[in-house]
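Here's the structure, in structure tokens; my notes come after.
Only this structure's heavy atoms are used, side chains among them; waters, hydrogens and symmetry mates stay out.
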Amino acid sequence: MISSDAIRGYVDLIILALLRRRPSYAYELSKTIAEVSQGDYVIKQTTLYSALKRLEVSGFVASSARTSASGKPRTYYHLTEDGAAHLDRKVSEWESTKTLVDRFAKEL
């Protein structure tokens, strides 16, 4: 299991990457994160909702009320153009960060 401290700076990247695939609602995002991480990371609901709110205020995601396939009303989030550009920057930042950390980890 990956600690929330280790992943904290990349929650936005994870959410934006999932929204690049398709619009989604919070519970579905949470479920997808757990599935893709194969249980190594389970996002807390407060973390998820805080991130979605922050991303929406920043203009990186937008929300709309829709009805899910099950017939329940849901708030769906989708990636904006600014969000796609921000995601590209965050992915580049991640790649640089990973390269740097790998340099140290391989030396130990």
Side-chain angles (χ1 to χ4, degrees):
M1 177 80 70
I2 296 172
S3 75
S4 57
D5 286 340
I7 202 118
R8 181 173 293 132
Y10 295 96
V11 168
D12 290 2
L13 183 151
I14 291 168
I15 293 168
L16 293 173
L18 291 175
L19 292 176
R20 178 176 269 172
R21 296 158 123 190
R22 69 178 184 281
S24 188
Y25 54 93
Y27 177 73
E28 185 177 54
L29 286 168
S30 175
K31 218 169 109 178
T32 303
I33 290 168
E35 289 170 2
V36 171
S37 74
Q38 298 177 348
D40 286 336
Y41 177 63
V42 177
I43 193 166
K44 294 178 184 173
Q45 291 299 309
T46 54
T47 301
L48 178 59
Y49 282 103
S50 294
L52 287 168
K53 181 66 174 169
R54 180 178 57 254
L55 292 167
E56 190 168 24
V57 167
S58 298
F60 300 144
V61 301
S63 64
S64 60
R66 297 191 339 206
T67 304
S68 68
S70 67
K72 294 183 179 181
R74 305 267 190 216
T75 300
Y76 278 80
Y77 297 90
H78 68 273
L79 190 64
T80 64
E81 285 184 35
D82 286 345
H86 181 70
L87 174 58
D88 290 340
R89 289 189 300 272
K90 292 297 279 183
V91 168
S92 178
E93 175 186 282
W94 162 250
E95 289 168 353
S96 297
T97 301
K98 183 181 178 314
T99 299
L100 175 66
V101 172
D102 281 348
R103 285 184 206 149
F104 289 97
K106 289 177 182 177
E107 291 296 319
L108 299 177

Glu93 and Glu95: CA distance, side-chain angles, deciding distance, side-chain contact (heavy atoms from CB on, under 4.5 Å) verdict: CA-CA 5 Å; Glu93 175 186 282; Glu95 289 168 353; over 6 Å; no
Compare every heavy atom of Leu13 with every heavy atom of Lys90, then report the nearest pair and how far apart it is. O-CD1, 3.5 Å
Locate the shortest heavy-atom distance separating Ala62 from Glu56; write the atom from each residue and the value. C-OE2, 4.1 Å
Rounded to the nearest 0.5 Å, how far apart are OH of Tyr77 and NZ of Lys53? 8.5 Å
Less than 4.5 Å apart, any side-chain heavy atom of Arg66 and any of Pro73? no
Tell me, yes or no, whether the heavy-atom count around Gln38 atom CD, taken from other residues, nucleotides or ligands under 6.0 Å, exceeds 12. no
Find the distance between CD1 (Ile43) and CG (Leu29) and round it off to the nearest 0.5 Å. 8.5 Å
Would you check, one step at a time, whether the test side-chain contact (heavy atoms from CB on, under 4.5 Å) holds for Ile33 with Val42? CA-CA 7 Å; Ile33 290 168; Val42 177; over 6 Å; no
So if I apply the side chain to side chain contact (heavy atoms under 4.5 Å, CB included) rule between Arg74 and each of Ser63, Ser64, Pro23, Ser68, which one comes out positive? Ser68
To the nearest 0.5 Å, what is the distance between OG1 (Thr47) and CD1 (Ile7)? 11.5 Å
Output the distance between atom CG (Leu87) and atom CG (Asp12), rounded to the nearest 0.5 Å. 10.0 Å
After noting the C-alpha distance and the side-chain angles of Asp82 and His86, does the key distance pass the side-chain contact (heavy atoms from CB on, under 4.5 Å) rule? CA-CA 6 Å; Asp82 286 345; His86 181 70; over 6 Å; no
Can you establish whether the number of heavy atoms outside Glu81 located under 6.0 Å from its atom CD is more than 12? no
For the residue pair Tyr25 and Tyr76, does the interplanar ring angle fall in the parallel (under 30°), tilted (30 to 60°) or perpendicular (over 60°) class? perpendicular
Lys98 vs Arg103, side-chain contact (heavy atoms from CB on, under 4.5 Å): CA-CA, chis, key distance, verdict: CA-CA 9 Å; Lys98 183 181 178 314; Arg103 285 184 206 149; over 6 Å; no
Where the side chain of Thr75 meets the backbone of Ala65, is there a donor-acceptor pair that is under 3.5 Å apart? no
From Ile15 CD1 over to Arg54 CZ, what is the distance, rounded to the nearest 0.5 angstrom? 7.5 Å
State, yes or no, whether a side-chain contact exists between Leu48 and Val11 at a heavy-atom distance under 4.5 Å. no
Rounded to the nearest 0.5 Å, what separation is found between the CG atom of Leu55 and the CG atom of Leu19? 8.0 Å
Can you confirm whether Ser24 sits close enough to Thr32 that some side-chain heavy atom of one is under 4.5 Å from a side-chain heavy atom of the other? no
Could you tell me whether Arg89 atom CZ has more than 12 heavy atoms of other residues or ligands within 6.0 Å of it? yes
Got Tyr10 and Thr97 here, is their nearest side-chain heavy-atom distance under 4.5 Å? yes
Look at the side-chain heavy atoms of Ile, Leu, Val, Met, Phe, Trp and Tyr, link any pair under 4.5 Å apart, and say whether Leu79 and Trp94 land in one connected group. yes
